[in-house]
Amino acid sequence: MTSFLYPGGTTGTLRAMEDPQVLSFLKNSAEKAKFITSTCTGSLVLAAAGLLKGKTCTGHWAARQSLEAFGGRPVDARVVVDGQMVTGAGVSAGIDMAITVTRLLRGDAYAQGLMLMAEYAPEPPIPGGTPQTTEPRMRKMITDMLAPMDAKARAIAAKSPV
């Protein structure tokens, strides 16, 4: 039994959301996978494949509402486990997601050893990293920059059979 990770992105993510071969591959692979994971906007591709319908999930903060348009139940969390689906928020949450999957597969001690090997003890140098902790002017700039991707993802969801 295998597991796989679908990463995020922007233009490539939007293309993958409409690619029948990608979506078919994901659906077929899900039948055999122990875990299906995504980080950042990769959860949009899983959602477009119908894999997150009715599932609690997360993804990049700017993509979470689009997950709802595909029938997912997005939450503001760094990592969400719902059955075989393990979704991570933005890029840095991918590390948390990897540790979570390691914990599920190998247990707490192994995951803690992995954290020690990587010296994983995040301490951001300045406040920020979430919409709630980022200065409003910067939050608006990034939200505006990501708005076209969100609009396109919602348009894909609107015409999706999922």
Side-chain angles (χ1 to χ4, degrees), residues 3-19 22-23 26 35-83 85-104 111-112 114-162:
S3 298
F4 64 88
L5 163 70
Y6 205 94
T10 52
T11 306
T13 295
L14 293 169
R15 276 197 303 264
M17 290 172 69
E18 295 184 291
D19 186 321
V22 169
L23 301 179
L26 291 172
F35 292 109
I36 301 162
T37 67
S38 67
T39 189
C40 199
T41 58
S43 57
L44 289 171
V45 183
L46 298 184
L51 300 177
L52 297 181
K53 189 169 188 170
K55 300 274 188 184
T56 302
C57 55
T58 194
H60 189 279
W61 60 267
R64 285 189 199 128
Q65 296 310 309
S66 294
L67 293 172
E68 191 171 8
F70 283 101
R73 295 190 318 256
V75 295
D76 181 8
R78 288 184 61 80
V79 178
V80 174
V81 179
D82 189 337
M85 299 302 196
V86 183
T87 51
V91 172
S92 69
I95 296 171
D96 295 358
M97 186 202 58
I99 292 166
T100 298
V101 171
T102 300
R103 182 179 186 210
L104 292 168
Q112 193 174 51
L114 175 66
M115 290 170 61
L116 180 57
M117 287 290 293
E119 198 173 353
Y120 179 67
E123 294 181 22
I126 59 173
T130 69
Q132 298 81 5
T133 60
T134 299
E135 192 268 330
R137 185 177 56 85
M138 180 56 63
R139 183 176 57 240
K140 180 177 179 348
M141 182 181 83
I142 299 301
T143 299
D144 291 349
M145 183 178 77
L146 296 173
M149 180 178 174
D150 182 52
K152 175 71 173 168
R154 288 174 193 252
I156 293 168
K159 64 182 181 182
S160 172
V162 173

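None of the values given here were measured: they were computed from a predicted structure.
Closest of all the heavy-atom pairs between Leu44 and Ala153 is CD1-CB, 4.2 Å. Of all heavy-atom pairs spanning Ala77 and Val80, the tightest one is CB-CG2, 3.9 Å. In terms of heavy-atom proximity, Ala93 sits nearest to Val79 at O-CG2, 4.1 Å. A pairwise comparison of heavy atoms in Gly128 and Thr134 identifies CA-OG1, 3.6 Å as the closest pair.
Here the OG1-CE distance, from Thr37 to Met97, works out to 4.0 Å after rounding to the nearest 0.5 Å. For the atom pair Ile156 CD1 and Arg154 CZ, the distance stands at 12.5 Å (nearest 0.5 Å). Within the model, atoms CG of Leu23 and CG of Leu46 stand 10.0 Å from one another, a figure rounded to the nearest 0.5 Å. Here CG of Asp82 is found 12.0 Å from CG of Leu51. Values are rounded to the nearest 0.5 Å. Here OG of Ser66 is found 8.0 Å from CE of Met149. Values are rounded to the nearest 0.5 Å. Taken from CG in Leu67 to CG in Leu52, the straight-line distance is 6.5 Å, to the nearest 0.5 Å.
With Tyr6 as the fixed residue, the side-chain contact (heavy atoms from CB on, under 4.5 Å) test singles out one of Thr87, Leu26, Thr13: Leu26.
Identified under the side-chain hydrogen bond (donor to acceptor under 3.5 Å, both in side chains) test for residues 46-59, with sequence neighbours left out: Thr56-Arg73, Thr58-Arg64. Listed by first and then second residue, the salt bridge (Lys or Arg N to Asp or Glu O under 4.0 Å) pairs involving residues 115-124 amount to none (not counting sequence neighbours).
A donor-acceptor pair is defined here as one N or O able to donate and one able to accept, closer than 3.5 Å; such a pair exists between the side chain of Thr41 and the backbone of Gly9.
Every residue was checked against the salt bridge (Lys or Arg N to Asp or Glu O under 4.0 Å) condition with Arg139, not counting sequence neighbours, and none meets it.
Contact check for Arg103 versus Met115: no side-chain heavy atoms found under the 4.5 Å cut-off.
Other residues, nucleotides and ligands contribute over 12 non-hydrogen atoms within 6.0 Å of the CD atom of Glu135.
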